[in-house]
Amino acid sequence: MFCRANDLRCKDVVNVKNGCRLGCVCDFEIDMSCAKVVSLIIYGKWRLFGLLGRGKDCVIRWSDIQIIGEDTILVNFDAPADRSRRSARNRR
């Protein structure tokens with residue numbers, strides 16, 4: 001299956017380990033020697049309306065991607081500790 005790089009940018013990314021939505025694909029890393037996508041990058045969320053910058057970016061290796069659907073990308077990703085704590089707090 002072939003997919004344009006621009007088509008990846010619109011898709012939501014969901015972690016299958018905990019069902020958490022990580023965000024939308026913002027950027028990707030490409031290996032220029034073989035012209036393959038190495039990883040997807042999801043920018044961190046804005047803190048205090050952007051005055052304090054962004055949170056940490058989420059870098060997902062291509063090998064962690066399980067399924068690329070029409071609207072969603074399912075990944076098997078070990079989330080950093082601060083993201084998992086935040087998602088557990090939101091479930092309460």
Applying side chain to side chain donor-acceptor pair (under 3.5 Å) to Asp64 and not counting sequence neighbours gives Arg61
key: Close side-chain approach of Ser39 to Val59, heavy-atom, < 4.5 Å   = yes
Residues passing the salt bridge (Lys or Arg N to Asp or Glu O under 4.0 Å) test with Asp27, sequence neighbours excluded, are none
Whether the side chain of Asn15 engages the backbone of Phe77 through a donor-acceptor N/O pair (distance < 3.5 Å, no angle test) should be reported. yes
**Message:** Membership question, hydrophobic clusters at under 4.5 Å side-chain separation (ILVMFWY): are Val37 and Ile65 in the same one?
**Reply:** yes
* Would you check if the side chain of Arg9 reaches a backbone N or O of Val25 as a donor-acceptor pair within less than 3.5 Å? => no
Do the non-hydrogen side-chain atoms of Ile42 and Asp57 ever get within less than 4.5 Å of each other? no
_Quick check: is Ile30 connected to Leu8 through a chain of hydrophobic side chains (ILVMFWY, heavy atoms under 4.5 Å apart)?_
yes
Determine, for Asp71 against Lys11, whether the closest basic-nitrogen to carboxylate-oxygen distance falls under 4.0 angstrom.
no
Are Gln66 and Val75 side-chain neighbours, meaning at least one heavy-atom pair lies under 4.5 Å?
no
Rounded to the nearest 0.5 Å, the CG atom of Asp31 sits from the CH2 atom of Trp62 at a distance of 13.0 Å
Rounded to the nearest 0.5 angstrom, the CG-CD1 distance for Leu74 and Ile68 is 10.0 Å
Review point. Can you tell if the side chain of Val13 reaches within under 4.5 Å of the side chain of Arg21, non-hydrogen atoms only?
Key: no
Sorted by chain and residue number, the side chain to side chain donor-acceptor pair (under 3.5 Å) partners of Asp7 (sequence neighbours excluded) come out as none
Q) Are Ile73 and Val14 side-chain neighbours, meaning at least one heavy-atom pair lies under 4.5 Å? A) no
